[in-house]
Amino acid sequence: MQLAAYQIEWIGYLAAFLTTCAFIPQAVQSWRTRDLSGISLGMYSLFTLGVGLWLIYGLIIEKWPLILANAITFALALSILVLKLRYPRK
(Lines give C-alpha, C1' and ligand atoms only; values in the text may rest on other atoms or scores of the structure.)
Protein backbone atom coordinates (compact mmCIF):
# COMPACT_ATOMS: atom_id res chain seq x y z
CA MET A 1 0.00 0.00 0.00
CA GLN A 2 1.46 3.34 -1.08
CA LEU A 3 0.56 6.37 1.05
CA ALA A 4 0.68 9.94 -0.16
CA ALA A 5 2.82 12.45 1.74
CA TYR A 6 -0.25 14.22 3.16
CA GLN A 7 -1.61 10.88 4.47
CA ILE A 8 1.68 10.19 6.24
CA GLU A 9 1.59 13.70 7.71
CA TRP A 10 -1.95 13.13 9.02
CA ILE A 11 -0.86 9.88 10.66
CA GLY A 12 1.79 11.95 12.44
CA TYR A 13 -0.77 14.53 13.56
CA LEU A 14 -3.12 11.83 14.86
CA ALA A 15 -0.31 10.08 16.75
CA ALA A 16 0.82 13.41 18.18
CA PHE A 17 -2.70 14.31 19.27
CA LEU A 18 -3.35 10.98 20.98
CA THR A 19 -0.03 10.73 22.81
CA THR A 20 -0.22 14.35 23.95
CA CYS A 21 -3.80 13.97 25.18
CA ALA A 22 -2.69 10.98 27.24
CA PHE A 23 -0.78 13.35 29.56
CA ILE A 24 -3.65 15.72 30.27
CA PRO A 25 -5.40 13.59 32.95
CA GLN A 26 -2.13 13.11 34.87
CA ALA A 27 -1.31 16.81 34.70
CA VAL A 28 -4.80 17.84 35.85
CA GLN A 29 -4.78 15.36 38.73
CA SER A 30 -1.31 16.48 39.79
CA TRP A 31 -2.30 20.16 39.72
CA ARG A 32 -5.50 19.54 41.68
CA THR A 33 -4.23 17.21 44.38
CA ARG A 34 -0.55 18.16 44.60
CA ASP A 35 -0.08 14.45 45.40
CA LEU A 36 2.83 13.25 43.33
CA SER A 37 3.87 10.39 45.59
CA GLY A 38 3.28 7.89 42.78
CA ILE A 39 5.40 9.85 40.31
CA SER A 40 9.05 8.86 39.90
CA LEU A 41 11.37 11.87 39.93
CA GLY A 42 14.01 10.03 37.92
CA MET A 43 11.56 8.82 35.28
CA TYR A 44 9.92 12.22 34.85
CA SER A 45 13.30 13.96 34.70
CA LEU A 46 14.51 11.65 31.93
CA PHE A 47 11.16 11.75 30.14
CA THR A 48 11.01 15.56 30.19
CA LEU A 49 14.57 15.79 28.88
CA GLY A 50 13.76 13.26 26.14
CA VAL A 51 10.64 15.16 25.07
CA GLY A 52 12.65 18.38 25.02
CA LEU A 53 15.17 16.72 22.70
CA TRP A 54 12.34 15.44 20.46
CA LEU A 55 11.08 19.02 20.31
CA ILE A 56 14.52 20.28 19.26
CA TYR A 57 14.73 17.51 16.67
CA GLY A 58 11.30 18.44 15.29
CA LEU A 59 12.37 22.08 15.04
CA ILE A 60 15.56 21.13 13.21
CA ILE A 61 13.78 18.95 10.63
CA GLU A 62 10.77 21.32 10.55
CA LYS A 63 8.08 18.67 11.08
CA TRP A 64 4.99 20.23 12.62
CA PRO A 65 3.51 17.05 14.13
CA LEU A 66 6.72 16.58 16.13
CA ILE A 67 6.96 20.25 17.05
CA LEU A 68 3.36 20.67 18.23
CA ALA A 69 3.08 17.39 20.10
CA ASN A 70 6.40 17.70 21.84
CA ALA A 71 5.94 21.37 22.73
CA ILE A 72 2.65 20.58 24.48
CA THR A 73 3.91 17.34 26.03
CA PHE A 74 7.07 19.10 27.21
CA ALA A 75 4.99 21.80 28.92
CA LEU A 76 2.76 19.21 30.61
CA ALA A 77 5.65 16.97 31.67
CA LEU A 78 7.68 19.94 32.91
CA SER A 79 4.74 21.19 34.97
CA ILE A 80 4.40 17.76 36.61
CA LEU A 81 8.16 17.65 37.22
CA VAL A 82 8.09 21.13 38.82
CA LEU A 83 5.19 20.07 41.05
CA LYS A 84 7.11 16.93 42.03
CA LEU A 85 10.11 19.03 43.04
CA ARG A 86 7.94 21.59 44.82
CA TYR A 87 5.75 19.09 46.69
CA PRO A 88 8.02 16.09 47.30
CA ARG A 89 5.69 14.43 49.85
CA LYS A 90 2.08 15.09 50.67
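No experiment lies behind these values; they were computed from the predicted model shown.
The shortest heavy-atom contact between Ala77 and Thr48 is CB-OG1, 3.5 Å. When all heavy atoms of Gly58 and Leu66 are compared, the closest pair comes out as CA-CB, 3.9 Å. Shown here for Ser37 and Asp35, the closest heavy-atom pair between the two residues is OG-OD1, 2.8 Å. When all heavy atoms are compared, the tightest approach of Asn70 to Val51 is O-CG1, 3.5 Å.
Under the 4.5 angstrom side-chain criterion for Ile, Leu, Val, Met, Phe, Trp and Tyr, the cluster partners of Leu59 are Tyr6, Trp10, Tyr13, Leu55, Trp64, Ile67, Leu68.
The hydrophobic cluster containing Ile24 also contains Val82, counting ILVMFWY residues as joined when their side-chain heavy atoms lie under 4.5 angstrom apart, directly or transitively. Under a hydrophobic-cluster definition in which Ile, Leu, Val, Met, Phe, Trp and Tyr are linked whenever side-chain heavy atoms come within less than 4.5 Å, directly or via other members, Leu46 and Tyr57 are assigned to different clusters.
For the atom pair SG (Cys21) and CG (Leu76), the distance works out to 9.5 Å, reported to the nearest 0.5 Å. The line from OG1 of Thr19 to CG of Leu14 is 9.5 Å long, rounded to the nearest 0.5 Å. In this structure, Phe74 CZ and Leu49 CG are separated by 8.5 Å, a value rounded to the nearest 0.5 Å. Annotation: the span from Leu81 atom CG to Ser45 atom OG amounts to 4.5 Å, rounded to 0.5 Å. Ile60 CD1 to Glu62 CD: the interatomic distance, rounded to the nearest 0.5 Å, is 10.0 Å. Here the straight-line distance linking atom CG of Leu36 with atom CG of Leu41 works out to 10.5 Å at 0.5 Å rounding.
More than 12 non-hydrogen atoms from other residues, nucleotides or ligands lie less than 6.0 angstrom from NZ of Lys84.
Looking at Phe47 and Ile80, their side chains never come closer than 4.5 Å, going by heavy atoms from C-beta outward.
Applying the side-chain contact (heavy atoms from CB on, under 4.5 Å) test to Leu3 and every residue at least two apart in sequence or in another chain returns Met1, Gln7, Ile8, Ile11. In terms of the side chain to side chain donor-acceptor pair (under 3.5 Å) criterion, residue partners of Ser79 (sequence neighbours excluded) are, by chain and number, Trp31.
Exactly one of Arg32, Arg34, Gln26 qualifies for a side-chain hydrogen bond (donor to acceptor under 3.5 Å, both in side chains) with Ser30. That residue is Gln26.
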Using the rule given for side-chain contact (heavy atoms from CB on, under 4.5 Å), can you reason through Phe23 versus Val28, listing the C-alpha separation, both sets of side-chain angles and the distance that settles it, and then say yes or no?
CA-CA 9 Å; Phe23 277 88; Val28 170; over 6 Å; no
